[in-house]
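To start, the structure under review is shown below, and the notes come after it.
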Amino acid sequence: MIEIKPATSGDVLDSTSLIAEYAAECSIPAIGEINPQRETYSLMENAGLLHSFMVLENGEKIGFAMVVTPIMPHYGKRVASIESLFITKNRRRSGAGLELMRAVEQAVKQLGCVGILYSSPAGGQLERLLEASKAYQRTNAVFFRRFA
């Protein structure tokens with residue numbers, strides 16, 4: 001049975017095997033190694049700008065999401081943005097990811113967000129899922145340039 005519950009960033013970051021798998025699959029090598037800044041996450045949580053969720057299956061941690069919910073200055077509206085959304089590889093295609101997305105979307109609606117922005121690794125499973133769904137629309141592409 002899948003359970004999705006609110007968590008703290010510390011709960012997520014303390015899940016070392018989840019973070020290691022996430023880092024191996026979702027990091028952006030041009031930026032460098034993933035180095036979670038606990039103090040920054042904590043400050044964002046305390047300001048009400050970061051919301052974390054843990055996914056459990058029969059008590060085992062199998063995924064997480066971290067969502068930022070700022071007011072977008074150009075629009076004057078609160079829009080959620082996925083910082084991280086991850087399900088372990090061996091639990092994908094079980095419906096856990098979709099349950100996580102639904103739970104996150106419900107939570108950010110209750111926070112007053114008018115919508116949610118997802119980003120995913122280019123060519124990844126999440127990108128394919130979102131493109132196939134009529135509920136989501138592609139709005140931007142993200143590019144990175146490293147400065148030496």
Side-chain angles (χ1 to χ4, degrees), residues 1-70 72 78-146:
M1 181 168 145
I2 302 294
E3 178 186 6
I4 297 160
K5 62 182 199 172
T8 66
S9 59
D11 294 333
V12 172
L13 297 174
D14 289 341
S15 304
T16 53
S17 62
L18 271 178
I19 295 300
E21 187 177 340
Y22 169 78
E25 185 174 326
C26 301
S27 67
I28 302 170
I31 296 175
E33 288 186 36
I34 286 181
N35 180 17
Q37 301 299 297
R38 288 177 181 269
E39 184 176 339
T40 302
Y41 280 121
S42 181
L43 288 169
M44 291 173 70
E45 278 175 332
N46 292 337
L49 296 174
L50 178 72
H51 309 275
S52 301
F53 303 84
M54 188 64 72
V55 184
L56 301 126
E57 184 177 52
N58 300 319
E60 179 187 349
K61 295 176 181 178
I62 65 162
F64 66 92
M66 298 175 96
V67 186
V68 181
T69 59
M72 293 183 77
R78 187 172 301 279
V79 177
S81 179
I82 295 293
E83 165 68 16
S84 310
L85 184 121
F86 185 74
I87 299 292
T88 59
K89 193 169 192 165
N90 64 346
R91 296 302 203 290
R92 293 185 193 151
R93 301 191 189 276
S94 69
L98 290 174
E99 283 189 50
L100 176 57
M101 289 171 67
R102 281 192 286 271
V104 166
E105 289 175 8
Q106 184 61 37
V108 298
K109 269 190 205 177
Q110 291 175 355
L111 291 169
C113 293
V114 298
I116 188 166
L117 296 167
Y118 286 90
S119 67
S120 71
Q125 187 173 345
L126 179 60
E127 180 182 41
R128 291 189 300 273
L129 175 102
L130 296 173
E131 284 184 337
S133 172
K134 294 187 188 306
Y136 303 91
Q137 65 182 17
R138 180 181 286 272
T139 60
N140 295 327
V142 178
F143 300 87
F144 178 76
R145 177 181 176 192
R146 181 174 176 87

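Numbering starts at 1 and runs along the sequence shown.
Looking at Ile34 and Pro36, their side chains come closer than 4.5 Å, going by heavy atoms from C-beta outward. Between Leu18 and Val12, the closest side-chain pair of non-hydrogen atoms is not below 4.5 Å.
Under the 3.5 Å distance criterion, the side-chain polar atoms of Gln37 are matched with a main-chain donor or acceptor of Asn35.
Considering CG of Asn46 and OG of Ser42, their distance stands at 4.5 Å, rounded to 0.5 Å. For the atom pair CE of Met54 and CG of Asp14, the computed distance is 8.5 Å after rounding to the nearest 0.5 Å. One finds the CD atom of Gln125 at 10.0 Å from the CD1 atom of Ile87 (value rounded to the nearest 0.5 Å). Annotation: the span from Leu56 atom CG to Ile62 atom CD1 amounts to 7.5 Å, rounded to 0.5 Å. The distance from the CD atom of Glu3 to the CG atom of Asn58 is 10.0 Å, given to the nearest 0.5 Å.
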Q) What's the verdict on side chain to side chain contact (heavy atoms under 4.5 Å, CB included) for Val67 and Phe53, showing C-alpha distance, side-chain angles and the deciding distance? A) CA-CA 9 Å; Val67 186; Phe53 303 84; 4.1 Å; yes

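Leu100 and Phe64 get closest at one heavy-atom pair: CD2-O, 3.6 Å.
One finds a salt bridge joining Arg92 and Glu25 here, because a Lys/Arg side-chain nitrogen approaches an Asp/Glu carboxylate oxygen to under 4.0 Å. Taking the charged nitrogens against the carboxylate oxygens, Arg38 and Glu45 have no contact shorter than 4.0 Å, which rules out a salt bridge.
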